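Contents: one structure, followed by commentary.
Just so we're on the same page: letters track the sequence lines, and every chain starts at 1. No experiment lies behind these values; they were computed from the predicted model shown.
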Amino acid sequence: MRRIFYLVGQNLKRKPFRTWLTVGAVALACAVLFSAAILSRGIHVTLRTAAERLGADIVAVPASAGEDALSALISGNPTSFYMPASLEDAVRKVPGVRQTCAQVYLRSLDAACCVAPVALVGYDQERDFTITPWVLRKMAEPLRNDQIIVGAKVISAVVGTPAKAIGQRLMFMGKPFTVASILEPTGLGTDYTVFLTMETAYQMIQGSPLYTVPVKRDQISTILVKVAEGANPTEVSGNIEKQLPQIKTYTPGALMRSFSGQLQSLVDALFTAGVLFGILAAALTGTLFTLSVRQRMREIGLFMAMGAGRGLIFRLIVLEAACLAVSGGLLGVIVGWAATRFSRETITEMIGNMYMWPDTAYFIQVAVLTAAATTAVGILGALYPAGRISRIEPYEAVRKGE
Amino acid sequence: MIRLEALGKRYKNVEVLNRVSLTVDDGAFVIITGRSGGGKTTLLSIAGALTRPDEGSVCIDEVDILQLPEPELAALRNRKIGFVFQFPSLIAPLTVLDNVLLPVAFSDRNPNHADRDFAESLLEQVGITGKNALYPSQLSGGQQRRVAIARAMMNRPSIILADEPTGDLDETTEAEIMNLFQGINHRGTTVVMVTHALDYAGLGRAYVLKNGGLLPYAGSALAPEASAQGGNALAPAVSAQGEVL
Ligand SMILES: Nc1ncnc2c1ncn2[C@@H]1O[C@H](COP(=O)(O)OP(=O)(O)O)[C@@H](O)[C@H]1O
Ligand SMILES: [Mg+2]
């Protein structure tokens, strides 16, 4: 068998163009499939995590808020929109709704403390179920009016590790606050949000020059909804909109999908391209090996005349294809890996910082799978020519090869 | 022993062999001549299990090889038969030594030291020394043919089938190579050779392949050119087709 490997090696060296063409085709198919799988998994992980982290099954905003609401929820863009607080009670009465809590968004200036613009949000401590579960360090007492809970990225850039942020004093709109706790990173807008008590939020609105007509206590920005056990969020969401037309609702899944739609179509395109390239690679290996086998007909005939059996000839050709396909697969994985690494920033820019990359274990899994799949494709392409040539009579092979 | 009986072979509408019979005893030296396109290579290929006749039977050492399954046929080609082709037949990307070792590689084991020593001694016998690491393209036509002969001997076959082994060589080289085959034959190997070099017809029993049939060669009275032109010029001693044994 050692000699067979040697023969294969020599033969590959003899045909550098064919060798590289095959390796390239397999590598291309592999790289594209790899990237598609990674991105698609990323989207999946992002959707799931985002839905989990948002903590609410439904988010209700004023219908008039439009795209502003989306951008505030996803990216934490400081925007503001308001609706009557009484709507919360109305929402709670909609069948299938188990729990609600309100939040009020503040119109804020760029805060001096922080790199990115942060959103100031007042939340209802008593009813809240979306903030408190995600604090890094549990608070013994309820949040005081001079305290804040900050998103993971609000001040970590300033003080280093997130935990160090606790106890820090920060100024917002001329008012000093102490950081009571910090939220786990979510990849969502909450990472750039500062949470205050409702009390403080309304106070700050009163004192802000940004509000010509002050927003009063009977105004809120969003209502977060938890549905009853067994209820379908999409259905409940529809019910809310039907009963309260002044409200627009989002389910986190739909929310994320609307933002990752662009990425999803890229992934779809990549998958299609990957499959096409795979077919192309198989066809190419098939053609190249058919040509190569025809060229080497005499040599193969000579091998047979010297006693090489059909099985050996078959293995010789398939092994050669396998060498090319395996190299192509490995190269493809490396290229795919590099491509996804370097496209990270572009993708993050495209859909905001909520995009979550799959972990290394998944990368490795995908690498092994795509490399194996494309290797199989390459070998598949060589099977037919190998089968045909190994069935020919030695005399015919020698004669035709002349 | 090779026993070919009533072989028939046709390609499309051309009948190349018609009821050809031939028996070659162990240790015999058989020479086959005949005009170009007369079917000599076809006959030799049938005897070497490289192709099948349309009719007739082929027995090697009392085994009907046409009944053998493919793997056993491959093993037979590997162990019992050494085939020297009409054209240069070395494998270009392999060195001289690796070429000679190929038949071992195609048996079910890897070549070992003893194989290497034997290959080297074979190369020496055919007059190729100090060229083990060279590639075929670095050798002359005559040298390549010698290496091919050494390769055919590698698995110590009992039968050597040589198809015009001196066809494209000069007279001196031809004489040396004929000498080589004579030596191989003297050491006990059966040799069947196709050649136009009828000066050497005396090396063994000679036949002419003509009109699809095999006839005994009449003798050295004829110039090689005459027989190469066609069977008509041959002596009247020729008997009925396919009856020669
Ligand atoms: N595979 C084949 N297909 C068609 N014709 C063939 C084939 N092999 C041999 N022939 C024809 O059969 C005849 C005998 O060929 P061959 O045995 O090579 O003759 P020789 O060796 O005596 O020159 C030639 O006319 C040749 O063209
Ligand atoms: Mg011939």
Side-chain angles (χ1 to χ4, degrees), chain A residues 1-20 289 291-320 323-324 386-402, chain B residues 9 11 41-53 68-95 98-112 115 135-136 148 151-155 157 161 163:
Chain A
M1 211 54 199
R2 190 163 49 86
R3 227 132 262 274
I4 302 307
F5 276 109
Y6 179 70
L7 274 178
V8 167
Q10 290 297 322
N11 203 46
L12 293 178
K13 254 197 269 169
R14 208 161 25 140
K15 308 245 169 54
F17 177 70
R18 189 203 56 167
T19 300
W20 285 111
F289 271 80
L291 287 177
S292 138
V293 151
R294 216 174 275 165
Q295 263 175 18
R296 285 156 63 200
M297 194 89 104
R298 176 198 279 201
E299 184 177 298
I300 288 165
L302 290 173
F303 286 173
M304 288 172 159
M306 282 184 257
R310 284 178 180 172
L312 190 79
I313 299 295
F314 184 83
R315 284 204 301 276
L316 200 65
I317 293 160
V318 172
L319 189 68
E320 197 178 309
C323 285
L324 297 182
R388 279 196 54 151
I389 191 73
S390 66
R391 237 165 287 278
I392 198 169
E393 273 193 338
Y395 172 74
E396 281 301 311
V398 166
R399 218 185 110 89
K400 277 196 189 143
E402 268 177 271
Chain B
K9 181 86 176 176
Y11 297 109
T41 298
T42 304
L43 180 63
L44 212 58
S45 299
I46 291 172
L50 303 185
T51 186
R52 290 171 175 273
L68 288 181
E70 178 55 34
E72 283 178 44
L73 214 51
L76 178 107
R77 290 182 200 119
N78 185 249
R79 300 204 186 105
K80 278 210 172 148
I81 297 164
F83 208 102
V84 180
F85 287 89
Q86 194 171 352
F87 48 84
S89 61
L90 298 186
I91 305 302
L94 297 183
T95 63
D98 280 341
N99 259 285
V100 176
L101 285 167
L102 264 179
V104 180
F106 290 138
S107 65
D108 38 24
R109 64 195 179 85
N110 281 323
N112 55 31
D115 294 320
Y135 288 88
R151 186 177 66 185
M153 301 287 294
M154 185 64 212
N155 280 355
L161 303 175
D163 193 3

Would you give the length of the straight line joining atom [atom1] of [X] to atom [atom2] of [Y], rounded to the nearest 0.5 angstrom?
X	Y	atom1	atom2	value
Phe106(B)	Leu302(A)	CZ	CG	9.5 Å
Arg399(A)	Thr51(B)	CZ	OG1	10.5 Å
Met304(A)	Glu70(B)	CE	CD	7.0 Å

Any side-chain heavy-atom pair of Val398(A) and Leu50(B) under 4.5 Å
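Not in contact.
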_I want to check something: taking the side chain as every heavy atom from C-beta on, are Met154(B) and Met306(A) in contact at a cut-off of under 4.5 Å?_
no
Just checking Phe17(A): does its CZ atom have more than 12 heavy atoms from other residues, nucleotides or ligands closer to it than 6.0 angstrom?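 Open.
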For Gly309(A) and Ala74(B) the tightest heavy-atom approach is CA-CB, 3.7 Å
What one should report as the nearest heavy-atom pair of Pro88(B) and Arg298(A) is O-NH1, 3.1 Å
Tyr395(A) six-ring centre to Arg52(B) NZ/CZ under 6.0 Å and within 45° of normal: no
Residue from Ser89(B), Pro103(B), Ser107(B), Gly48(B) scoring the most non-hydrogen pairs under 4.5 Å with chain A is Ser89(B)
